[in-house]
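Here is the structure we will look at, set down as structure tokens.
Please read these numbers as outputs of a predicted model, since none were measured by experiment. Just so you know, these numbers use all the heavy atoms, side chains as well, and skip hydrogens, waters and symmetry mates. By convention here, the first residue in the shown sequence is residue 1.
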Amino acid sequence: MTLLTEEQIAEFSDRGYLVIDNIFDPQTDLNPIMEEYLGVLEHLAQDLYAQGKIRSLYADLPFEERLIAIYQDSGKVHGQYFNPSLPADGVKENTPYWAGPAVFQALRHKRLLDVIESIIGGEIYAAPILYTRIKPPEHLTPHDHMGRVQLGKTLIHQDNAGLLPEVDETEMLTAWFPMKDATVDNGCLCVWPRSHHLGLLQHFLDRGRPYIPDEYLKIAGQAVPVPVKRGSVLLMDKRTIHASYANHSQEVRWSFDCRYTPIDQPKVREFFPGFVARSYQHPETELHDPVEWDRGWQEARQRLAKEGTPKFHRWTEYKGN
């Protein structure tokens, strides 16, 4: 069932992004995820404490304060513990990730899939490009050896940059949603309206992450901030240029971003386990079991730890002028 109006679909097609309110119920859909991540943070604390990398478990602190304390004590951000997918390279047999049932239910939430169907049709594949971004305020976040914040604002890029040329024509749609209100102050996204009409721009790498240098942005116009309320979702075309602001607030900014493609189009990052989220033609192929989803990630981790991760983008490091 489609959810968007013709006007909303036209706006998305023209501008390359769209915010849809009230997709998730904060209490019944998002709170279970937050409860689930209490256990993830406990697991991180126990691991680091056992390795002598933190002096305390900080068990008496609430989630956000405990996260910040652990990061500061260890001198490192440990975002991979919270990601519902493996990193794109360097996978080991013990690389952490979190593919829990509450996260799985959000990825295949009926209203979210209704929105996705409005854009790409009802045969929907949940692509395995998933991220959880739990960003403390930058002034409370550890820095690297060059003095750069370890988990700061997201670099300016297009999601298409994370794909190889053979899947450039796959209609990949990004769905981004916050666990709490995303504001300019705490680091919401900004987008370049209509930039998806420009095609894929030149990207380079910064610490392994694709980004667009300033000189290639001149044709894209000006960015606009996109605050998103808790329970709402931001949709983006795969070629919409976007980034995030730095978190200058006193609170953690927490968001998920996931991708969806039509089932019959070339799969993105096939070395990771995606799944059929909705199919009217073959409903028996839909995945409904979060345990099976997690098992797919376990098997991928074992395989990639032995074989290594295949090439997944086309870019090189930026050398400047």
*Classify the angle between the aromatic ring planes of Phe275 and Phe104 as parallel (below 30°), tilted (30 to 60°) or perpendicular (above 60°).*
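Ring orientation, 0 to 90° scale: tilted.
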
Looking at [X] and [Y], what are the two nearest heavy atoms and their distance?
X      : Y      : answer
Ala106 : Leu112 : O-CD2, 3.6 Å
Phe271 : Ala300 : O-CB, 4.1 Å
Thr261 : Ile120 : C-CD1, 3.6 Å

Charged N-O contact under 4.0 Å between [X] and [Y]:
X      : Y      : result
Arg295 : Glu292 : yes
Glu123 : Arg278 : no
Asp159 : Arg259 : yes

Over 12 foreign heavy atoms within 6.0 Å of [atom1], [X]:
X      : atom1 : value
Glu93  : CD    : no
Asp214 : CG    : no
Tyr58  : OH    : yes
Glu6   : CD    : no
Lys180 : NZ    : yes
Lys153 : NZ    : no

*asked:* Against the six-membered ring of Tyr125, is Lys267 placed for a cation-pi contact (under 6.0 Å from the centre, within 45° of the normal)?
replied: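 Satisfied, under 6.0 Å and within 45°.
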
*May I ask you to establish whether Arg269 and Phe272 are in a cation-pi arrangement, using a distance under 6.0 Å from NZ or CZ to the six-membered ring centre and at most 45° from the ring axis?*
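No - Arg269 does not lie over the ring of Phe272 by the 6.0 Å and 45° rule.
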
_In the structure I gave you, are the side-chain heavy atoms of Phe63 and Met34 within less than 4.5 Å of one another anywhere?_
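Sidechains of Met34 and Phe63: no contact.
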
*asked:* Which residues pass the salt bridge (charged side-chain N to carboxylate O under 4.0 Å, His left out) test with Arg55, not counting sequence neighbours?
replied: Asp73

*Under 3.5 Å side-chain donor-acceptor pair for His78 and Gln80*: no

_Derivation of the side-chain contact (heavy atoms from CB on, under 4.5 Å) call for Tyr211 and Tyr216_ = CA-CA 10 Å; Tyr211 78 102; Tyr216 293 92; over 6 Å; no

*How far apart are the C-alpha atoms of Ser279 and Ile263, what are their side-chain angles, what is the distance that settles it, and do they pass the side-chain contact (heavy atoms from CB on, under 4.5 Å) test?*
CA-CA 8 Å; Ser279 176; Ile263 291 172; 4.0 Å; yes

*Please confirm whether the backbone N or O of Gly16 pairs with a side-chain atom of Thr240, one donor and one acceptor, at under 3.5 Å?*
yes

*Quick check: does any side chain N or O of Ser244 sit under 3.5 Å from a backbone N or O of Leu189, one acting as donor and the other as acceptor?*
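Not confirmed, Ser244 side chain does not pair with Leu189 backbone.
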
*Determine, step by step, whether Phe24 and Phe177 satisfy the ring-ring contact (aromatic ring centres under 6.0 Å, His included) criterion, reporting the C-alpha distance in whole Å, the side-chain angles of both residues, the deciding distance to 0.1 Å, and the verdict.*
CA-CA 9 Å; Phe24 297 109; Phe177 59 93; 4.7 Å; yes

*Trp315/Gln202 under side-chain contact (heavy atoms from CB on, under 4.5 Å): CA gap, chis, key distance, verdict*: CA-CA 9 Å; Trp315 313 107; Gln202 174 69 50; 3.7 Å; yes

*Apply ring-ring contact (aromatic ring centres under 6.0 Å, His included) to the pair Trp98 and Phe82, showing each step before the final yes or no.*
CA-CA 6 Å; Trp98 179 252; Phe82 304 97; 9.7 Å; no

*Walk me through it: do Arg314 and Asp168 pass the test salt bridge (Lys or Arg N to Asp or Glu O under 4.0 Å)?*
CA-CA 12 Å; Arg314 68 198 83 181; Asp168 273 348; 2.8 Å; yes

